[in-house]
Structure formats: C-alpha cells, structure tokens
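Heavy atoms only: backbone and side chains are in, while hydrogens, waters and symmetry mates are out. Chain letters run A, B, ... following the sequence lines, proteins first and then strands; every chain starts at 1.
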Amino acid sequence: MANDPIELHIMKKIFNAEKLFFRIGELSSMTGVSTRQLRYWEQKNYIHSIQRDDEQSARVFHFKEYARVSGIKYFLDQGYSLQAAVKQVNQYIDVSHFLHKFVKEGIKTVKTSNNTCEIDLGWLDEAKTQHLYARLEDEKFKYYVE
DNA sequence: GTTCTAACA
DNA sequence: TGTTAGTA
C-alpha cells in the first residue's frame with residue numbers, strides 16, 4: 001500500500017470508504033428520499049442502519065446504504081413498486097460487490113504518463129509466470145501479456 | 001436544529 | 001406516505 005502509485009492509492013481509498021456514515025437527515029437530502037420513507041424502509045428491512053448508543057440513539061447509515069437507497073429511489077422513479085425496486089437493487093448490489101472486489105484486489109498497479117494509462121491486472125496463470133496488462137491507447141484498451 | 005416514536009390524515 | 005405532537 002505504501003508503495004502504491006498515487007492513482008491506485010486514491011482509488012483504494014475511494015473503494016475502501018468504510019468509515020463514512022450519515023445521519024438520516026443527510027441521507028434524505030442526498031437521495032431525495034424522505035426521512036419518513038427511510039424509517040419505513042428500514043422497518044420493512046429493505047435498508048439497514050445501526051443504532052448509536054450515545055446521544056439520542058439516532059440512526060447512522062453506512063456509506064453503502066447510500067448506494068442502496070439511491071438505487072431504490074431510481075427504480076421507484078422508473079415506476080417499480082417498492083418491493084420490486086428493492087429486488088432490482090439487490091441484483092445490482094451483487095454486481096457492485098464483484099466490481100468492488102475487482103478494483104480493490106484485481107488491479108495491482110497503475111502507471112500513467114502523458115497520454116497513456118497502463119494497468120497491471122495481475123497474474124494470468126496459476127503458476128504466476130505471466131502478467132496481464134491493459135493499456136489505454138487512443139481511448140481503447142489493448143491487452144497484452146509479459 | 002435534528003432525530004425519535006406514535007398517531008392520525 | 002405526509003404531517004404533526006411532544007421529547008431527548
């Protein structure tokens with residue numbers, strides 16, 4: 001981690017935002033979903049928050065819940081019922097877990113120079129003899145092994 | 001000022 | 001779901 005190039009360092013920070021929490025008012029204004037709805041959805045077990053034992057036992061929502069709430073809101077606006085919207089979001093969450101894991105663990109190093117970006121995608125084979133690289137050339141990714 | 005629960009519209 | 005009441 002300490003030897004990561006700056007681009008990867010920042011990217012890992014973004015994809016490791018585990019310490020971001022919001023209170024219900026913030027989440028509401030961020031997503032356009034009313035606090036009443038958020039409480040109701042939580043009661044229905046569509047979203048989750050953690051109780052804080054200090055202060056006035058106010059809810060705190062994890063950063064990941066922002067993505068979930070935004071997703072539900074999106075499908076709701078598309079005309080889905082609440083239940084159907086949640087189902088849709090759950091499928092997308094599965095994909096995002098994969099993407100999260102891929103970016104966090106699948107990308108080893110990123111090198112950038114003037115107009116090119118090169119990504120080390122890790123070992124190509126089990127024996128670990130070849131690396132797979134992706135390079136951005138003319139807005140297109142070219143893959144090669146070394 | 002914000003959040004909580006509960007209740008009524 | 002919105003809104004309002006009475007709290008903490």
Side-chain angles (χ1 to χ4, degrees), chain A residues 1-126 128 131-143:
Chain A
M1 187 70 167
N3 296 321
D4 285 344
I6 186 64
E7 297 91 343
L8 190 59
H9 181 75
I10 293 172
M11 196 157 59
K12 282 186 175 178
K13 283 285 186 183
I14 293 173
F15 278 82
N16 196 31
E18 301 293 338
K19 294 180 180 176
L20 288 175
F21 296 92
F22 310 106
R23 302 214 304 182
I24 196 169
E26 296 175 290
L27 186 58
S28 175
S29 59
M30 289 163 65
T31 59
V33 176
S34 71
T35 58
R36 174 76 169 87
Q37 284 175 300
L38 291 174
R39 294 191 184 97
Y40 177 68
W41 294 1
E42 182 187 26
Q43 183 194 324
K44 282 285 192 179
N45 248 288
Y46 293 150
I47 60 176
H48 301 96
S49 72
I50 54 181
Q51 293 298 134
R52 211 162 35 173
D53 43 342
D54 60 329
E55 293 183 42
Q56 61 280 359
S57 68
R59 295 171 173 78
V60 283
F61 292 91
H62 190 270
F63 165 73
K64 289 179 179 176
E65 290 302 287
Y66 164 72
R68 168 170 253 101
V69 171
S70 297
I72 296 174
K73 163 73 170 170
Y74 172 80
F75 287 110
L76 231 39
D77 291 342
Q78 297 295 309
Y80 285 77
S81 68
L82 178 56
Q83 199 172 10
V86 171
K87 194 174 181 180
Q88 288 292 314
V89 167
N90 285 337
Q91 292 177 24
Y92 279 87
I93 295 290
D94 289 340
V95 175
S96 70
H97 281 161
F98 172 76
L99 285 176
H100 187 164
K101 190 175 180 64
F102 181 77
V103 173
K104 197 175 174 185
E105 301 174 21
I107 296 178
K108 304 306 178 185
T109 61
V110 180
K111 297 175 185 175
T112 58
S113 57
N114 292 334
N115 293 317
T116 64
C117 175
E118 186 180 89
I119 301 172
D120 179 357
L121 294 168
W123 298 111
L124 181 66
D125 54 343
E126 287 288 335
K128 297 184 177 180
H131 262 256
L132 175 63
Y133 292 92
R135 176 183 287 159
L136 190 60
E137 293 177 2
D138 302 324
E139 299 301 313
K140 286 183 179 179
F141 277 110
K142 302 284 178 61
Y143 296 89

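- In this entry the distance linking CG of A:L27 with P of B:dC4 reads 11 Å, nearest Å.
- As the counterpart of B:dT2, C:dA8 is assigned, both hydrogen-bonding distances of the Watson-Crick or G-U wobble pattern falling under 3.5 Å.
- In this model, no side-chain donor or acceptor of A:R59 finds a partner on the base of B:dT3 within 3.5 Å.
- Residue A:R68 forms a side-chain contact (heavy atoms from CB on, under 4.5 Å) with just one option from A:T31, A:V86, A:I93, and that option is A:I93.
- Summary of the strand contacts: A:R36 and A:R39 both lie near DNA chain B, and taking for each the nucleotide with the nearest heavy atom, the more 5' one is attributed to A:R39.
- The separation between A:Q43 atom CD and B:dA7 atom C1' is 13 Å, rounded to whole Å.
- The listed nucleotides are B:dT2, C:dT1, B:dC4; the one nearest the side chain of A:R23 is B:dT2.
- The distance between atom CZ of A:F61 and atom C1' of B:dT2, rounded to the nearest whole Å, is 14 Å.
- Within the structure, salt bridge (charged side-chain N to carboxylate O under 4.0 Å, His left out) contacts touching residues 31-44 of chain A (residues at least two apart or in different chains) are A:E42-A:R59.
- Look at CG on A:L76: it is 11 Å from C1' on C:dT1, rounded to the nearest Å.
- When rounded to the nearest whole Å, the span between CD of A:Q83 and P of C:dT1 equals 13 Å.
- Note on residues 72-87 of chain A: pairs passing salt bridge (charged side-chain N to carboxylate O under 4.0 Å, His left out), not counting sequence neighbours, are A:K73-A:D77.
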